[in-house]
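Proteins get letters first, then strands, A, B, ... in listed order; numbering begins at 1 in each.
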2 protein chains.
Amino acid sequence: MGHTRWLNEEEKRAWSAFTNAHALLYRRIEQRLKRDFGLSGLQYEILARLGDAPNRELRMAELAGALVNSKSGLTYQIGQMEKSGWVRRRSCPSDERAVYAVLDDAGMALLERAAPGHVELVRELLFDALSPEQVRALADGLGEAGRRMTGVPGEADPVRGDCAASAEGGVAAADHPLSRREHQGPP
Amino acid sequence: MGHTRWLNEEEKRAWSAFTNAHALLYRRIEQRLKRDFGLSGLQYEILARLGDAPNRELRMAELAGALVNSKSGLTYQIGQMEKSGWVRRRSCPSDERAVYAVLDDAGMALLERAAPGHVELVRELLFDALSPEQVRALADGLGEAGRRMTGVPGEADPVRGDCAASAEGGVAAADHPLSRREHQGPP
DNA sequence: TACCGGTCGTTCAAATTGGAACATCCAGTT
DNA sequence: AACTGGATGTTCCAATTTGAACGACCGGTA
């Protein structure tokens, strides 16, 4: 084994900036979400993920994977959110093991109230400090790093949604309310 | 208040990559540290910070600030690490409120054993996926973001180290053993 | 000297986390 | 049909984290 490839100054700066910025940012976000909506960061993320998932629902495992959280942790949080009436559990007839977390209307409403402030804060604290090139570098570089860590070779089709939500009240596959897109025309 | 400046696609990618990469990376790092050295991520950071602090010591508040952790959390961890004999507390005569966390020899030795693998992992999972330009963008962009969040206007002198460690065994201000620097000559 | 606003580190209770053990279930094999 | 290797989600429990409350202390001021 070689003698450890230490980080050069630039890399040290990058690493330090990366961890530091994340910690600072996440802390601020959590505080505000908690103060304004009684939500933890994880809970907001859960709402958000479910919010723009196909039928506002995702399997526990998928959700846990997407959030990079432990299964048990998710079980706990979904439990909490269920008590609050933001989320509901649904089991799938075709696969008895599966459990779907479904976003309730109350949860969706909450998400819609919380999202603007959240996005605004992220923009203010992060994107307002970045040049367009830096944004691209983040997206590309960290995107690639993330991809490598998840082990995504050839885009093996997800196969999810075997057990589609069928008969249920009225709403079927409404469009995702929070996915507006505001062109902010690049030069 | 304007109608929320939502994120464009590129920004969404960047944000998602940022949080995702961080979560993935941190999780891996924690697992390895725990497995190989029985250390948590936070504990490693504490060792590292103390390791290249002036006299291998830092005030509790400084440390907490640098780590972006709560005071109480740090109190707890330092307590744990003290039990393990990696760290020691020292109080300062000139300011009775202050408490310094001092890195013990055992802690330093542990740090020196853990650092290579840690750095190697960071390089492998993060830097190997980044181009030099991307590294620079991270360092600059996130550095700036972090600076803004900490509120660092005119580099107000830290004033720290009022109560310098004086009489103590032998070692005074030895050079920081872990701060080797390996030129990795840019083209 | 006595007082005051502010800082420091610790304590406390309550909430969260994460891994291991567990019971169930699915798909492919024998 | 019985068996096996792998997933799934939950439960359990110990470790950790958080913010608020607290007591001690500092520096400047009346």
Side-chain angles (χ1 to χ4, degrees), chain A residues 23 26-35 38-46 57-84 87-102 156 158-160 162-163, chain B residues 23-24 26-35 38-46 57-84 87-102 158-160 162-163:
Chain A
Y26 200 69
R27 180 163 285 262
R28 294 268 194 112
I29 288 176
E30 281 230 301
Q31 290 177 335
R32 177 151 332 177
L33 282 174
K34 180 64 77 185
R35 173 165 68 74
L39 281 172
S40 72
L42 178 55
Q43 292 178 327
Y44 176 84
E45 287 232 356
I46 292 175
E57 63 181 18
L58 242 26
R59 284 184 61 155
M60 295 297 278
E62 284 183 293
L63 198 45
L67 299 169
V68 194
N69 264 91
S70 62
K71 293 182 299 175
S72 57
L74 184 60
T75 293
Y76 174 77
Q77 276 305 343
I78 292 294
Q80 296 299 305
M81 298 175 74
E82 209 169 11
K83 285 183 196 166
S84 302
V87 148
R88 190 165 21 94
R89 277 177 224 252
R90 178 172 80 74
S91 56
C92 164
S94 72
D95 186 342
E96 207 54 48
R97 293 170 303 178
V99 171
Y100 281 79
V102 189
V159 186
R160 58 226 277 292
D162 156 24
C163 173
Chain B
L24 253 19
Y26 200 69
R27 180 162 283 260
R28 294 269 195 111
I29 288 176
E30 280 229 302
Q31 290 177 336
R32 175 144 344 171
L33 282 174
K34 180 63 77 184
R35 174 165 68 72
L39 281 172
S40 73
L42 178 55
Q43 292 178 328
Y44 177 84
E45 287 233 355
I46 291 176
E57 64 180 17
L58 242 26
R59 282 184 63 153
M60 295 297 277
E62 284 184 295
L63 198 44
L67 299 169
V68 193
N69 254 281
S70 61
K71 293 182 300 174
S72 58
L74 185 61
T75 292
Y76 174 77
Q77 276 305 344
I78 292 293
Q80 297 299 304
M81 298 174 73
E82 208 168 14
K83 285 183 196 166
S84 302
V87 148
R88 189 165 22 94
R89 278 177 221 252
R90 178 173 82 74
S91 56
C92 165
S94 73
D95 185 341
E96 206 56 47
R97 294 171 302 177
V99 170
Y100 280 79
V102 189
V159 187
R160 57 222 283 289
D162 156 24
C163 171

Phosphate contact (D:dT18 OP1 or OP2) by A:Gln31 side-chain N/O below 4.0 Å:
no
What's touching nucleotides 1-5 of chain D from the protein side, N or O pairs under 3.5 Å?
none

Tell me: CD of A:Gln43 to P of C:dT16, nearest whole Å?
7 Å
Rounding to a whole Å, what distance do you find between A:Arg35:CZ and D:dT18:P?
18 Å
Below 4.5 Å, heavy atoms only, C-beta onward: do B:Arg32 and B:Arg35 meet side chain to side chain?
yes
Where do B:Thr75 and B:Arg89 come nearest, in terms of heavy atoms and distance?
O-NH2, 3.5 Å
B:Leu42 CG - C:dT17 P separation (whole Å):
16 Å
Of the options C:dG9, C:dG18, C:dT16, whose atoms approach the side-chain atoms of B:Val99 most closely?
C:dG9
Interatomic distance, OH@B:Tyr100 vs CD1@B:Ile78, rounded to 0.5 Å, equals 14.0 Å
Can you name the nearest heavy-atom pair linking A:Ala101 to A:Leu63, along with the distance?
CB-CD2, 4.2 Å
Taking it one step at a time, do A:Lys83 and A:Gln80 satisfy side-chain contact (heavy atoms from CB on, under 4.5 Å)?
CA-CA 5 Å; A:Lys83 285 183 196 166; A:Gln80 296 299 305; 3.6 Å; yes
In whole angstrom, what separates A:Lys34's NZ from C:dA14's P?
16 Å
Using a 4.0 Å cut-off on heavy atoms, which residues in residues 68-76 of chain A reach DNA chain D? List them by number, or say none.
A:Lys71, A:Ser72, A:Thr75
State, to 0.1 Å, how close A:Val102 and A:Arg90 come at their nearest heavy-atom pair, and which atoms those are.
CG2-CB, 3.8 Å
To the nearest Å, how far apart are A:Met60 CE and C:dG18 P?
14 Å
A:Gln80 CD to C:dA14 P: how many Å, rounded?
15 Å
To the nearest 0.5 Å, what is the distance between CD on B:Gln77 and OG on B:Ser70?
10.0 Å
Closest heavy-atom pair and its distance - A:Leu33, A:Gly41:
CD1-CA, 4.2 Å
Looking at B:Met81, is its backbone amide N or carbonyl O close enough to the side chain of B:Gln43 to form a donor-acceptor pair, meaning the two atoms are under 3.5 Å apart?
no
Along DNA chain C (nearest heavy atom to each residue), the more 5'-positioned of A:Ser40 and B:Ala61
B:Ala61
Tabulated below should be each protein N or O lying under 3.5 Å from an N or O of nucleotides 4-7 of chain C; please produce it.
| unit_1 | atom_1 | unit_2 | atom_2 | d |
| --- | --- | --- | --- | --- |
| C:dG6 | N2 | B:Arg97 | NH1 | 3.4 |
| C:dT7 | O2 | B:Arg97 | NH1 | 3.1 |

Can you check the A:Glu62 CD to D:dA7 P distance for me, whole Å?
15 Å
Where is the tightest heavy-atom contact between B:Leu67 and B:Glu45, given as atom of each residue plus distance?
CD2-OE1, 3.3 Å
Distance from A:Leu42 atom CG to A:Asn69 atom CG, nearest 0.5 Å?
5.0 Å
How close do B:Lys34 and B:Ser40 get, heavy atom to heavy atom, and via which atoms?
NZ-N, 4.2 Å
Roughly, in whole Å, what's the span from CG in A:Leu33 to P in D:dT18?
15 Å
Nearest of D:dC26, D:dG9, C:dG9 to any side-chain atom of B:Arg89?
C:dG9
